[in-house]
Amino acid sequence: MEQYSFCRLHRVELVIKPKGKDDGYPLNIDFDKIKGRVHQLKRELRAVIDRKVESEFRDIALKSYEEDGANKARSAMAVMSRFDKTLPGYYGSKGAATILETLNVIFLHSGELTAKHTAPQLPLEYIQQVLVPEAGLRLIRQDIAKWPENRNLSEAQLISEASKVMNDSREFGCLVYPASNEDLGEFTEENFIDLTSSDDEDDDSDDLE
């Protein structure tokens, strides 16, 4: 285990970080500022919830529901197969956890997001699988808009480029900015599965009544 950790750290420092730097990925992220930036995205994310703009992440989840049904779509295997796609690129799982915590306050704890908005997904599931990556995509869009080569791109072109950067930088994010257990909170795959399973059981009980 120690040998594996050493080799991983060695690869991160000698391969992943230098390549990431060449690709323009940030080597120092102030995660304390992420919450404020996510709050500023509320109007854009509200448009996603109201389906005024398309969401590829919502489409991925709905496709699973349509093809497999709710129970299978919420199964451990199905959740894990979609989990990587929810990670916000170079912000890593630490960034994902920070974004999730903020979105829970904005939409879930406030009661603004309900099952009526997210059906057939559960509200927490929707935040994890749709709003977290949507917020991550927009954070990256803001970042890359400052890159010299992108200054003349249209908004649509920036979103397209941000999507590519988000996909290409997921390994960098996972290795350079991993979340601690405290950071992860409800974002862990295990907790996500537990939450959806318990809600499924509650739904089944309600149906029986």
Side-chain angles (χ1 to χ4, degrees), residues 38 41-89 91 93 95-141 155-156 158-170 173-174 184-207:
V38 173
L41 293 172
K42 180 178 179 180
R43 181 177 295 180
E44 290 186 51
L45 296 176
R46 184 72 230 189
V48 173
I49 294 170
D50 294 336
R51 305 190 188 189
K52 293 179 180 178
V53 297
E54 296 182 0
S55 170
E56 66 171 300
F57 307 107
R58 171 77 167 171
D59 291 343
I60 290 170
L62 288 182
K63 183 178 180 181
S64 179
Y65 272 79
E66 291 168 359
E67 294 179 351
D68 304 322
N71 289 335
K72 190 172 181 180
R74 294 175 186 166
S75 69
M77 184 175 296
V79 168
M80 286 187 286
S81 72
R82 301 193 300 272
F83 187 75
D84 284 350
K85 294 182 177 66
T86 69
L87 294 175
Y91 283 97
S93 55
T98 303
I99 294 169
L100 174 64
E101 179 185 0
T102 309
L103 292 176
N104 279 345
V105 171
I106 297 172
F107 293 114
L108 200 59
H109 299 168
S110 66
E112 188 169 336
L113 184 71
T114 67
K116 179 180 179 181
H117 299 106
T118 66
Q121 291 181 284
L122 304 169
L124 178 58
E125 179 188 3
Y126 179 88
I127 289 177
Q128 289 175 314
Q129 295 193 6
V130 179
L131 293 187
V132 166
E134 287 288 356
L137 178 65
R138 284 159 175 78
L139 292 176
I140 293 173
R141 177 201 63 195
E155 187 66 18
L158 275 174
I159 283 288
S160 177
E161 183 62 23
S163 179
K164 182 178 184 303
V165 170
M166 186 162 139
N167 288 329
D168 292 346
S169 65
R170 283 198 179 103
C174 286
L184 282 171
E186 293 177 320
F187 198 79
T188 60
E189 294 171 7
E190 293 81 2
N191 284 347
F192 178 82
I193 294 164
D194 288 344
L195 284 164
T196 55
S197 297
S198 63
D199 281 349
D200 275 341
E201 290 169 3
D202 290 343
D203 289 346
D204 291 342
S205 298
D206 291 341
D207 290 342

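In this structure, Phe107 and Lys42 approach most closely via the heavy-atom pair CZ-CG, 4.0 Å. Contact detail for Pro120 and Leu62: the closest heavy-atom pair is CD-CD2, 3.5 Å. Nearest approach of Pro88 to Gly95, heavy atoms of both residues: CG-C, 4.3 Å. Of all the heavy atoms in Pro123 and Thr114, the pair that sits closest is CG-C, 3.9 Å. When every heavy atom of Arg74 is checked against every heavy atom of Tyr65, the shortest pair comes out as NE-OH, 2.8 Å.
When each of Ile49, Leu45, Leu124 is paired with Leu113, the side-chain contact (heavy atoms from CB on, under 4.5 Å) condition holds for Ile49 and for no other.
In this structure the side chain of Thr86 never reaches within 4.5 angstrom of the side chain of Phe57, judged on heavy atoms. The closest side-chain heavy-atom distance from Ser55 to Ile60 is not below 4.5 Å. At a threshold of 4.5 Å between non-hydrogen side-chain atoms, the residues Cys174 and Leu87 count as touching.
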Apply side chain to side chain contact (heavy atoms under 4.5 Å, CB included) to residues Leu103 and Tyr126 and explain how you reach the verdict. CA-CA 11 Å; Leu103 292 176; Tyr126 179 88; over 6 Å; no
Do His117 and Glu112 pass the side chain to side chain contact (heavy atoms under 4.5 Å, CB included) test, and can you show the C-alpha distance, the side-chain angles, and the key distance before you say yes or no? CA-CA 9 Å; His117 299 106; Glu112 188 169 336; over 6 Å; no
Taking it one step at a time, do Val38 and Thr98 satisfy side chain to side chain contact (heavy atoms under 4.5 Å, CB included)? CA-CA 9 Å; Val38 173; Thr98 303; over 6 Å; no
Walk me through it: do Tyr91 and Met166 pass the test side chain to side chain contact (heavy atoms under 4.5 Å, CB included)? CA-CA 9 Å; Tyr91 283 97; Met166 186 162 139; over 6 Å; no
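Annotation: the span from Leu137 atom CG to Leu158 atom CG amounts to 10.5 Å, rounded to 0.5 Å. Summarising the geometry, atom CG belonging to Leu131 is positioned 11.0 Å from atom CD belonging to Gln129; distances are rounded to the nearest 0.5 Å. With values rounded to the nearest 0.5 angstrom, Ile140 atom CD1 is found 9.0 Å from Asn167 atom CG.
Applying the salt bridge (Lys or Arg N to Asp or Glu O under 4.0 Å) rule to Lys63 yields no partners; only residues at least two apart in sequence or on another chain are considered. Under the salt bridge (Lys or Arg N to Asp or Glu O under 4.0 Å) criterion, Glu155 pairs with Arg141, not counting sequence neighbours. For Arg138, the salt bridge (Lys or Arg N to Asp or Glu O under 4.0 Å) partners at least two apart in sequence or on another chain are Glu44, Glu134. With sequence neighbours left out, the salt bridge (Lys or Arg N to Asp or Glu O under 4.0 Å) criterion links Glu56 to no other residue. Asp168 pairs by the side-chain contact (heavy atoms from CB on, under 4.5 Å) definition with Tyr25, Lys164, not counting sequence neighbours.
For residues 114-124, no residue pair satisfies the salt bridge (charged side-chain N to carboxylate O under 4.0 Å, His left out) rule, not counting sequence neighbours.
Annotation for Glu54: atom CD does not count as buried by contact number, only 12 or fewer foreign heavy atoms lying within 6.0 Å.
Ser160 places no side-chain N or O within donor-acceptor distance of the main-chain N or O of Ala156, the cut-off being under 3.5 Å.
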